[in-house]
There are 2 protein chains.
Amino acid sequence: MKQKYDDNARIIKALSDPSRLRIIDILSCGEKCACDILEHFDFTQPTLSHHMKVLMDCSIVECRKEGLWSYYYLNNNNCNRLILFLMNLITDTEDCICKDKSKCECK
Amino acid sequence: MKQKYDDNARIIKALSDPSRLRIIDILSCGEKCACDILEHFDFTQPTLSHHMKVLMDCSIVECRKEGLWSYYYLNNNNCNRLILFLMNLITDTEDCICKDKSKCECK
DNA sequence: TCCTCATATAGATGTTAATCTATATATGTT
DNA sequence: AACATATATAGATTAACATCTATATGAGGA
């Protein structure tokens, strides 16, 4: 249960950087290689490589190698899962933490 | 345009901590005072105060004072806005960054 | 007025993260 | 085999953050 928050917090942390949000937006219209993504930014190639690693480590982005190129693409299933988690979080649902009587005296 | 990513990244950063995700979950079933929220956690009262400040600074949570107590509650409108932003981000929409021909050679 | 209680702020500390330069790896070409 | 190109890794630096202890603020009650 606590794991649920940790796992999603890790994904959310990966998305908490403006540059990485832009990368997600760039990938939303289809897979792109690193050099195409890099054109949108002012930072260096190793910095992009770092950002892609962060996005891949939480399985929100995946990679396909082809010759010299790395093609990145969204894991749409995991993107949708994250949004479902957030919708669930802000909604008063059955698995809300408040329904855990043992730890909360909510009416 | 760039502002859009910065503003939402700030909200997402506020949500990128497991404890703050739990706080959102706790607030999803209605407003709570600080001491009720604190009961769910092992950290100290000043640490909770810090987390509430982070959540309030990005307008995802608001506060109502009543005597000695501070009652916190979700700003549902801003919660929904965030989810809409994310859904838009991962979807290939008209305002995708890729449609900006001046900066991207997407087919 | 003095005390108690709920919450906020200040300041310190250890950890994590974003970025850079330099270099490594691995594939394709001549 | 030697070289060029795309991407990844290593290591350093600076900034941001989560948490703590100590203290301040501000409202209610005796």
Side-chain angles (χ1 to χ4, degrees), chain A residues 2 5-27 31-73 104-106, chain B residues 2 5-27 31-73 104-106:
Chain A
K2 191 170 180 306
Y5 298 104
D6 288 347
D7 291 346
N8 282 287
R10 193 152 153 273
I11 300 175
I12 293 168
K13 183 165 286 174
L15 299 182
S16 71
D17 179 277
S19 298
R20 290 198 290 263
L21 284 183
R22 291 177 70 193
I23 291 170
I24 299 292
D25 207 2
I26 290 165
L27 296 181
E31 69 174 17
K32 296 279 183 300
C33 71
C35 55
D36 281 348
I37 299 170
L38 188 56
E39 282 186 353
H40 292 85
F41 296 96
D42 291 332
F43 50 58
T44 62
Q45 175 270 319
T47 297
L48 176 66
S49 193
H50 161 74
H51 284 311
M52 299 317 294
K53 190 170 191 314
V54 171
L55 290 170
M56 286 173 55
D57 282 352
C58 70
S59 300
I60 214 75
V61 163
E62 292 180 10
C63 185
R64 177 176 69 81
K65 306 268 184 187
E66 191 178 311
L68 279 176
W69 288 271
S70 291
Y71 288 94
Y72 296 99
Y73 57 97
C104 175
E105 76 291 1
C106 295
Chain B
K2 193 171 178 304
Y5 298 103
D6 289 346
D7 291 347
N8 282 288
R10 192 152 152 274
I11 300 174
I12 294 168
K13 182 166 287 174
L15 299 181
S16 71
D17 180 276
S19 298
R20 290 197 292 262
L21 284 183
R22 291 179 68 193
I23 292 169
I24 299 292
D25 207 1
I26 290 166
L27 296 182
E31 68 173 18
K32 297 278 183 303
C33 71
C35 55
D36 280 348
I37 299 171
L38 188 57
E39 281 186 354
H40 292 85
F41 296 97
D42 292 330
F43 51 59
T44 62
Q45 175 270 318
T47 297
L48 176 66
S49 194
H50 160 74
H51 284 311
M52 299 318 293
K53 190 171 193 312
V54 171
L55 291 170
M56 287 173 55
D57 282 351
C58 71
S59 300
I60 214 77
V61 163
E62 293 179 11
C63 186
R64 177 176 71 81
K65 305 270 182 185
E66 192 178 310
L68 279 177
W69 288 270
S70 290
Y71 288 94
Y72 296 98
Y73 56 98
C104 174
E105 76 294 357
C106 294

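These numbers come from the heavy atoms of this one structure, side chains and all, not from hydrogens, waters or symmetry mates. Letters A, B, ... mirror the listed sequences (proteins, then strands); counts begin at 1. Nothing here was measured: the structure is a model prediction, and the numbers come from that model.
- Here the nucleotide nearest the side chain of K53(B), chosen from dT5(D), dT9(C), dC20(C), is dT9(C).
- Put simply, CG on L68(A) is 9 Å from C1' on dT7(D), counting in whole angstrom units.
- Residue T44(A) places at least one side-chain N or O under 4.0 Å from the OP1 or OP2 atom of dC20(C).
- Rounded to an integer number of Å, the gap from CZ of R10(A) to C1' of dA17(C) is 14 Å.
- Between K53(B) and D57(B) there is a salt bridge, since a side-chain N of the basic residue sits under 4.0 Å from a carboxylate O of the acidic one.
- For Q45(B) against dA6(C), a side-chain-to-base donor-acceptor contact under 3.5 Å is absent.
- Legend: residues meeting side-chain hydrogen bond (donor to acceptor under 3.5 Å, both in side chains) with S59(A), ordered by chain and number and at least two apart, are absent.
- Contact annotation: H51(B) side-chain N/O to dT19(D) OP1/OP2 distance is under 4.0 Å.
- How far CG of L27(B) is from CZ of R20(B): 13.5 Å, rounded to the nearest 0.5 Å.
- In this structure, the CD atom of E66(B) is 16 Å from the C1' atom of dC5(C), given to the nearest Å.
- Atom CG in D17(B) sits about 13 Å away from atom C1' in dA16(D), given to the nearest Å.
- When rounded to the nearest whole Å, the span between CE of M56(B) and C1' of dA8(C) equals 11 Å.
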(request) I would like to know whether H51(A) and F43(A) meet ring-ring contact (aromatic ring centres under 6.0 Å, His included); could you show each step before the answer? (result) CA-CA 11 Å; H51(A) 284 311; F43(A) 50 58; 5.3 Å; yes
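- dA6(D) atom C1' lies 15 Å from atom CZ of R64(A), rounded to whole Å.
- Remark on DNA chain C: of its neighbouring residues G67(A) and F43(A), the 5'-side contact belongs to F43(A), judged by nearest-heavy-atom nucleotide.
- For S70(A), whose side chain is taken as the heavy atoms from C-beta onward, the closest listed nucleotide among dA8(D), dA26(C), dC5(C) is dA8(D).
- With dT7(C), dC20(C), dA18(D) as the candidates, the nucleotide lying closest to the side chain of R20(B) is dA18(D).
- Straight-line distance from the CG atom of L48(B) to the P atom of dC20(D): 11 Å, rounded to whole Å.
- Proximity of K65(B) to the phosphate of dA8(C): a side-chain N or O atom is located under 4.0 Å from OP1 or OP2.
- Rounded to whole angstrom, the span from the CH2 atom of W69(B) across to the C1' atom of dA8(C) amounts to 17 Å.
- A donor-acceptor pair under 3.5 Å is absent between the side-chain atoms of S49(A) and the main chain of P46(A), judged by distance alone.
- Between H50(B) and dA10(C), a side-chain N or O to OP1/OP2 separation shorter than 4.0 Å is absent.
- Closest to the side chain of S49(B), out of dA8(C), dT7(D), dA18(D), is dA8(C).
- Put simply, Y72(A) has no side-chain N or O that comes within less than 4.0 Å of OP1 or OP2 on dA6(D).
- Picking from dC17(D), dT7(C), dA8(D) the nucleotide with the shortest atom distance to the side chain of P46(A) gives dA8(D).
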